[in-house]
Every structure is written in structure tokens, then in C-alpha cells.
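Remember, it's 1-based here, ligands and their atoms both numbered in the order they're listed.
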Amino acid sequence: MQNAKNGYSRRKFIFKTVGGAAAAGLLGKAGLPLAGQSAKVTAATTQAEKSPITRVLGRTGIRVPIVSMGVMNADNPALVRRSFEMGIRLFDTAWTYQRGRNEEMVGSVIKELKAREQVVIATKVPPPRPEMMDQMGDKLIEQEFLARLDQSLARLQTDFVDILYIHNVSDPATLRRPGLLSAIGKAKKTNKARFVGFSTHRGMTECLEASVLDGRFDVILTVINYSMHDDKALLAAMSKAAKAGIGLVAMKTQCKQAWYREAMPDELKPFYEGTIWHAALLKWALRLESVTTAVPGYTAFDQLETDWPVAFGLEYTPDEVKFLSDHGVRLALSHACRQCGGCVASCPSGADVPSLVRAHMYAADYGNFSEMRRALDEIPAGRGLEACAGCGECAAACVRGVKIARRLDELKSIFA
Ligand code: SF4
Ligand code: SF4
């Protein structure tokens with residue numbers, strides 16, 4: 001397992017690791033947050049050198065390696081195949097990704113490998129837009145959602161998915177929609193989905209808390225990364241959900257956002273480019289006791305070879321400790337958008353600024369223009385880029401220092 005670009009190998013990885021307790025001590029001295037990160041995790045991982053660390057996904061009882069594949073931005077079947085051969089067992093896709101081609105790719109690779117029984121397929125089906133749902137009525141919502149699920153199953157060439165998520169839930173009200181609840185209930189009853197849940201990028205704390213009270217969601221795919229280290233409410237909600245038996249899958253762990261370009265001091269960039277950044281951030285998320293596995297969205301073999309070794313040990317290397325402790329890095333990371341919604345009121349035209357910033361992320365940081373399009377399409381009419389069209393200078397202000405105007409200018413330039 002060799003990453004030519006970074007001169008990285010698994011052997012070097014093991015050699016460079018430092019003891020969990022020592023790492024915890026160093027991080028403690030550096031004042032880094034250890035909320036939710038337990039010694040138990042560290043102790044268990046020091047023994048795991050030959051097999052990946054595995055964890056059980058809450059009440060589903062499914063055991064998977066802690067590193068899974070977020071297939072979203074990948075379009076190379078050989079990368080999916082190689083991921084399986086290396087030991088990855090959970091593949092995360094969605095009805096919307098690449099307009100269905102992403103699911104088709106996963107389905108054909110798994111079929112070709114004759115591996116359906118060995119893998120966990122998770123897909124996400126989007127509900128109709130909120131304003132549409134208001135008009136549709138519950139029966140139609142259920143029918144639409146289940147029709148989309150059938151499309152997903154056909155593309156995936158399987159009779160069932162292991163995990164069916166309602167895609168992109170940002171409001172507990174969505175989790176109470178009778179049409180959606182009956183749809184996921186039927187999907188389970190008809191064995192089209194073994195387990196059900198939702199994905200969430202925004203309002204994660206509220207959605208997690210609502211799901212604990214509701215009790216019918218088995219798995220939640222949530223954004224969590226180091227830039228959120230001080231979000232005590234979110235970390236507490238995650239712990240609560242995990243304790244209630246909900247399996248938590250982490251996404252956006254490596255925090256691939258414009259913060260790196262916008263706020264990282266230039267002198268630090270060359271040193272922290274590549275494996276240090278990715279492995280350190282992935283480890284941070286996986287050291288949270290509440291998280292079962294993460295779905296990094298790698299798109300190339302060298303990225304796979306950076307992410308997968310993390311499954312064999314969560315101790316930080318000295319360079320990773322340095323990265324996580326570096327004042328410049330931490331300051332830069334505070335410019336990552338958390339989708340907190342704190343900017344909404346500052347826009348005089350009522351634009352859905354967090355969603356616009358997220359759409360920018362898909363385009364500028366992932367190079368995924370179909371996801372950018374989808375994120376824009378999901379914004380309620382009148383609150384998307386059309387609201388910005390007549391605006392001279394952007395007045396929207398971020399509570400954390402995200403350069404909203406710059407990101408929206410870049411987003412607008414795509415359509416210019
Ligand atoms: S741009 Fe800033 S205020 Fe707006 S959602 Fe992102 S982090 Fe929150
Ligand atoms: S460009 Fe104007 S409408 Fe768009 S987010 Fe900024 S202030 Fe709001």
C-alpha cells in the first residue's frame with residue numbers, strides 16, 4: 001500500500017504512531033478538545049495492527065470497519081472494487097448522486113464481485129421539496145418516496161438496501177411528516193430496506209435529539225468534523241443518540257472546504273497538504289465514541305491509501321498532533337462553514353445563505369457540479385441564487401468568519 005505522491009506506506013504509518021495515552025496527554029496540554037473521545041477506544045486500537053478496527057452500528061447489529069467509502073464523488077468503478085478488496089465493507093451512495101450513475105456503479109461492481117452478502121449498501125432517497133410536500137399530501141409523498149427507492153434498487157441491482165436514509169434532513173418537522181414515516185415503515189416491512197434513518201447537514205443537534213425521542217430511526221449519517229470540536233450540544237446529542245442504540249455514521253470528516261484556501265497561513269500549506277490533514281481529521285472524528293464508521297469521499301487511489309490505514313489504528317502520529325494543535329490550523333478551521341444558520345438573518349433578501357455556501361462547497365471543493373445543482377434545486381423558490389442576482393455587494397455575514405461574499409461570487413461565476 002504505497003502512496004507515491006506522499007511517500008506514505010502502511011509500514012511507515014505504524015512506525016510513526018505514538019501511544020494513545022501519550023497522544024491524549026499531548027493533546028490535553030495543547031488544549032485540544034477530547035470531548036466524547038474515550039481511552040477505551042485508544043486501548044482497543046493499539047492491538048489492531050493486522051485487521052481493521054470494526055464497530056457495531058448501534059441496534060442494527062451490523063459490524064463494519066471504522067473506515068467506509070463515501071462513493072458520492074467517485075466515478076471510477078476500479079476504485080470501488082479496490083476498496084472492497086482492501087477490506088471496506090460499507091458503501092454509501094444516494095439516489096441523486098451523479099443523477100443515478102453513482103448507484104449504478106456501486107451496483108455493477110458489487111454484482112461483478114458477487115459480494116452482495118458481504119457488503120452493506122447505504123443509499124439516500126430525497127423527499128420532495130418542503131413546499132411541494134405541503135401541497136402533495138401524505139399518500140403522494142409516500143408514493144413518490146417509494147418510487148424513488150425502487151429506482152435506487154434497480155440501479156443498485158439488488159432487492160434491498162441495508163440502510164435507507166431520508167436524504168438531507170435539516171429540520172425535525174421533516175422527521176414528523178406522516179408520508180415520509182409511512183414510506184420508510186413500508187420500505188422496512190416489504191424488506192426493501194433492512195434499516196432506516198436519515199442524513200443531516202444542518203440542524204444536526206435538533207434532528208439527533210428528535211430521533212432519540214421518536215425511536216424509529218436506526219442509523220443517522222451526520223456531518224461531524226474537527227471544526228465542530230467545541231460544539232458541545234452536537235457532541236452531547238450524538239452521545240445521546242448512540243446510547244439510545246442509533247448507529248452514527250460520520251460524513252464530511254475531512255472538512256474539505258474553502259477554509260484551507262481562505263484562512264490557512266501560506267507557510268503551513270505545503271507541510272500540511274495531503275496525508276497529515278486527512279488522516280488527522282479522520283482520526284479525530286473516529287475517536288469520538290459515538291461514531292461507528294466514517295464515509296470519507298475519496299476519489300483517487302492515493303486518497304484511499306491515506307484514509308484506509310486509519311482503520312488500523314487511531315493513535316495520532318507526532319505530525320498529526322502538531323497539525324491538530326497548530327494555532328494557525330485551528331484558526332483556519334474556525335472559518336469552515338458549520339451550516340449553523342447564523343448568517344440567515346443578515347441577508348436582506350432572505351436568501352438561504354447556508355445552502356448557497358454548501359452548494360459552493362460541492363462545486364469548488366469537490367468539483368461535483370451535479371451535487372451543486374441538486375443543492376441549489378433544493379432551495380425554496382426565491383431564496384436561491386436568483387435572490388442574489390440583483391444584489392450589488394453581499395451583506396450576508398458569517399458568525400464565524402466564513403467569507404460568504406467571496407464564495408457566492410465564485411458560485412455566481414459558474415453561471416455567468
Ligand atoms: S456561513 Fe457562517 S453563519 Fe452561515 S451557516 Fe456557515 S458557519 Fe453558519
Ligand atoms: S448576495 Fe445579496 S441576496 Fe445573496 S446572500 Fe448576499 S446579501 Fe443575500
Side-chain angles (χ1 to χ4, degrees), residues 33 130-131 168-174 199-208 221-235 237-238 250-264 281 284-285 329-366 368 371-416:
E131 69 268 27
N168 193 20
V169 174
S170 55
D171 180 349
T174 306
S199 65
T200 177
H201 299 83
R202 189 160 144 200
M204 288 91 78
T205 304
E206 295 76 15
C207 290
L208 283 158
L221 175 63
T222 184
V223 174
I224 181 71
N225 58 54
Y226 186 54
S227 78
M228 300 165 174
H229 66 76
D230 56 354
D231 191 337
K232 291 194 178 84
L234 174 60
L235 293 168
M238 288 173 64
M251 66 171 160
K252 309 261 187 307
T253 45
Q254 275 112 304
C255 203
K256 198 171 179 207
Q257 287 187 17
W259 63 270
Y260 187 79
R261 277 183 285 126
E262 286 172 352
M264 181 88 140
L281 294 184
W284 182 85
V329 171
R330 299 180 72 192
L331 212 59
L333 264 163
S334 71
H335 290 245
C337 174
R338 292 184 187 188
Q339 293 287 293
C340 67
C343 48
V344 174
S346 63
C347 168
S349 307
D352 182 352
V353 186
S355 296
L356 290 170
V357 171
R358 192 157 67 88
H360 170 272
M361 175 193 68
Y362 288 129
D365 304 316
Y366 290 24
N368 188 334
E371 271 309 291
M372 172 205 73
R373 186 71 265 173
R374 183 183 66 81
L376 290 174
D377 287 347
E378 281 179 353
I379 299 175
R383 298 188 61 207
L385 269 184
E386 67 275 22
C388 307
C391 236
E393 205 167 314
C394 181
C398 171
V399 293
R400 292 166 48 80
V402 170
K403 295 185 185 349
I404 295 174
R406 177 174 159 175
R407 295 191 194 185
L408 296 194
D409 278 348
E410 287 176 3
L411 191 59
K412 282 191 254 180
S413 71
I414 294 170
F415 296 93

For [atom], what's the nearest protein heavy atom and its distance?
atom: atom 2 (Fe) of ligand 1; result: Cys398 SG, 2.3 Å
atom: atom 4 (Fe) of ligand 2; result: Cys388 SG, 2.4 Å
atom: atom 5 (S) of ligand 2; result: Leu408 CD1, 3.5 Å
atom: atom 7 (S) of ligand 1; result: Arg338 N, 3.4 Å
atom: atom 3 (S) of ligand 1; result: Cys343 N, 3.3 Å
atom: atom 6 (Fe) of ligand 2; result: Cys394 SG, 2.4 Å

Report, in ascending order of atom number, the atoms of ligand 1 lying under 4.0 Å from any heavy atom of [X].
X: Cys337; value: 1 (S), 5 (S), 6 (Fe), 7 (S)
X: Gly341; value: 5 (S), 8 (Fe)
X: Gly342; value: 3 (S), 8 (Fe)
X: Cys340; value: 3 (S), 5 (S), 7 (S), 8 (Fe)
X: Gln339; value: 5 (S), 6 (Fe)
X: Arg400; value: 7 (S)

For [X], the ligand 2 atoms whose distance to one of its heavy atoms is below 4.0 Å:
X: Ala387; answer: 3 (S)
X: Ser349; answer: 3 (S)
X: Ala395; answer: 6 (Fe), 7 (S)

field: Donor-acceptor side-chain pairing of Asn168 and Glu378 below 3.5 angstrom
entry: yes

[X] side chain vs [Y] backbone, donor-acceptor pair below 3.5 Å:
X: Thr200; Y: Val169; answer: yes
X: Ser346; Y: Ala396; answer: no
X: Glu371; Y: Tyr362; answer: no
X: Arg338; Y: Ser227; answer: yes

- request: On the 0 to 90° scale, with breaks at 30° and 60°, tag the Tyr226-His229 ring pair as parallel, tilted or perpendicular.
  value: tilted

query: When you check the gap from the basic side-chain N to the acidic O, do Arg407 and Glu410 get nearer than 4.0 Å?
result: no

Mind checking the [atom1]-[atom2] spacing from [X] to [Y]? Nearest 0.5 Å is all I need.
X: Cys337; Y: Ile404; atom1: SG; atom2: CD1; value: 7.5 Å
X: Arg202; Y: Cys207; atom1: CZ; atom2: SG; value: 10.5 Å
X: Tyr260; Y: Gln254; atom1: OH; atom2: CD; value: 13.5 Å

query: Has Val399 got any heavy atom lying under 4.0 angstrom from an atom of ligand 1?
result: yes

query: Is there an N/O/S atom in Cys391 at a distance below 2.8 Å from atom 4 (Fe) of ligand 2?
result: no

query: Counting heavy atoms only, which of Cys347, Ala351, Gly390, Ser346 is nearest atom 8 (Fe) of ligand 2?
result: Cys347

